[in-house]
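Note that the structure is predicted; figures quoted are calculated from it, not measured. In listed order, ligands and their atoms are each counted from 1.
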Amino acid sequence: MNHKSYVGRFAPTPSGFLHFGSLVAALASWLDARAVGGQWLLRMEDIDPPREAPGAQAAILHTLENYGLEWDGEVVYQSLRHEAYDEVIERLFRQGLAYACTCSRKQLEGYNGIYPGLCRNLGHARDEGAIRLRVPELTYRFEDRVQGLFEQHLGREVGDFVIRRRDRLYAYQLAVVLDDAWQGVTDIVRGADLLDNTPRQLYLQELLGLSQPRYLHVPLITQPDGHKLGKSYRSAPLPTEQATPLLLRALRALGQTTDTAMEQARPTEVLAHAARHWNPEAIPRRRSVPEADLH
Ligand code: GLU
Ligand code: ZN
């Protein structure tokens, strides 16, 4: 593969600081791009202001810089992309591929998060509620570079899903698909918590005539209680002075070999070395790895 043909990205949500699990995902994505001389873009997924943690955006950029994870070009902000999202929602609604849903949370209890289609044929006006995309009664499948074949029946396992919320905020599924295509992303490397979101994204790509990127989902780093690492566990930004040891730990979490000489190296040296030796085949073929198992 030549450098022109690979475009990767990291797409953090500023609902909290980067934690060790997000560092693992960012590092894998960066290495996969840099190992082939590809581009690595940065997109701030700031579509949910009420959930945003004050200072998180700046802190995320700061951590990436301090850890040597340099990106190409300007940061893309989803908060500046509303027109593009609206245009697609409007079109899908007009074509009858999406519809307004006025169901309350209470009405949807007991369906295990699978929307039962109550508003499918009620013809609510567009701005009356949330906007849901009709899903076909079909299985969507893809070959993940680490996790192997993944498939999901959209009708039975997901149901018609929200692309714009009742409060007019845009849904992640829609924004991520439009922006990955708009930015020309060829390769998505991210945490395995998003594996089961991918079939919805494949359906959107198909519907909108967008090309399908390659996917690589890295294991999620979990707490002893099985929970994903997240802002509830990690309230502080990743420490700058720990960049080298944490990068080495993240490399080991990705199954990459490290040597003790690197413990004294600067983050950029660790990264350059890791990019030369990047071996995606060595990534554990697991959905999650407990943090306690890492050394
Ligand atoms: N913004 C999402 C998150 O932080 C990731 C989106 C993606 O990589 O597709 O979980
Ligand atoms: Zn409804």
Side-chain angles (χ1 to χ4, degrees), residues 7-19 21-30 32-33 40-48 51-53 56-57 60 63-64 75-79 81 98-109 111 113-126 128-134 142 144 159-166 169-183 185 187-202 204-205 212-218 220-221 228-231 234:
V7 181
R9 54 50 157 196
F10 182 53
T13 299
S15 55
F17 301 122
L18 293 187
H19 49 79
S22 31
L23 178 65
V24 170
L27 175 62
S29 171
W30 189 92
D32 202 52
W40 194 65
L41 310 179
L42 186 60
R43 181 171 72 237
M44 197 55 76
E45 301 214 315
D46 54 349
I47 43 173
D48 194 346
R51 284 234 192 131
E52 198 162 322
Q57 292 203 13
I60 289 169
T63 299
L64 292 171
V75 180
V76 163
Y77 292 87
Q78 290 193 324
S79 54
R81 294 270 300 145
Y99 60 89
C101 164
T102 58
C103 293
S104 63
R105 200 162 289 217
K106 184 129 195 75
Q107 269 175 290
L108 299 179
E109 272 169 18
Y111 293 103
I114 300 165
Y115 183 67
L118 305 176
C119 295
R120 243 187 180 211
N121 302 309
L122 298 185
H124 296 303
R126 196 194 55 203
E128 255 185 86
I131 309 281
R132 288 185 185 272
L133 190 68
R134 284 174 204 277
F142 70 103
D144 188 85
D160 297 344
F161 60 90
V162 171
I163 53 174
R164 194 187 74 187
R165 290 165 23 180
R166 177 195 302 271
L169 295 181
Y170 303 97
Y172 156 68
Q173 309 295 349
L174 181 80
V176 77
V177 164
L178 293 180
D179 289 345
D180 282 332
W182 181 62
Q183 293 183 273
V185 171
D187 287 80
I188 294 179
V189 177
R190 62 186 178 189
D193 53 331
L194 293 167
L195 199 55
D196 66 0
N197 285 233
T198 309
R200 267 169 276 184
Q201 297 171 14
L202 299 183
L204 270 165
Q205 287 154 5
Q212 184 182 316
R214 282 178 292 263
Y215 288 96
L216 188 166
H217 286 85
V218 300
L220 208 60
I221 311 298
K228 172 183 174 180
L229 289 186
K231 61 180 185 328
R234 288 288 146 88

> Does the pair Phe161 and Leu204 meet the rule for a side chain to side chain contact (heavy atoms under 4.5 Å, CB included), with working shown?
Replying inline: CA-CA 11 Å; Phe161 60 90; Leu204 270 165; 4.1 Å; yes
> Could you walk me through whether Gln57 and Tyr77 pass the side chain to side chain contact (heavy atoms under 4.5 Å, CB included) check?
Replying inline: CA-CA 10 Å; Gln57 292 203 13; Tyr77 292 87; 3.3 Å; yes
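Annotation: side chain of Arg132 is not in contact with side chain of Cys119 (no heavy-atom distance under 4.5 Å). Side-chain contact between Leu64 and Phe10 is present, with at least one heavy-atom pair separated by less than 4.5 Å. A 4.5 Å side-chain heavy-atom check between Leu133 and Arg200 finds every atom pair outside the cut-off. Inter-residue side-chain proximity for Leu18 and Leu23 is flagged as unmet; no heavy-atom pair is nearer than 4.5 Å. Side chains of Pro12 and Leu42 form a contact here, defined as non-hydrogen atoms less than 4.5 Å apart.
The distance cut-off of 2.8 Å around the Zn ion (ligand 2) captures these protein N, O or S atoms, sorted by chain and number: Cys101 SG, Cys103 SG, Tyr115 OH, Cys119 SG.
Remark: minimum distance from atom 4 (O) of ligand 1 to any protein heavy atom is reached at Thr13 OG1, 3.2 Å. For atom 8 (O) of ligand 1, the nearest protein heavy atom (residue, atom name, distance) is Arg9 NH1, 2.7 Å.
For the residues Gln173, Glu45, Arg190, the heavy atom positioned nearest atom 9 (O) of ligand 1 is part of Arg190.
Ligand 1 has Tyr172 within reach: a non-hydrogen atom of the residue lies less than 4.0 Å from it.
By the 3.5 Å distance cut-off applied to N or O atoms, Asp193 is not counted among the residues near ligand 1. Looking at ligand 1, you'll find an N or O of Ala11 within less than 3.5 Å of one of its N or O atoms.
Residue-ligand proximity, Val176 to ligand 1, at heavy-atom distances under 4.0 Å covers atoms 9 (O).
In summary, of the residues considered (Asp179, Val76, Ile188, Asp187), a side chain to side chain contact (heavy atoms under 4.5 Å, CB included) with Arg9 occurs for Ile188 alone.
For the 3.5 Å distance criterion, the side chains of Asp160 and Tyr99 qualify, holding a donor opposite an acceptor.
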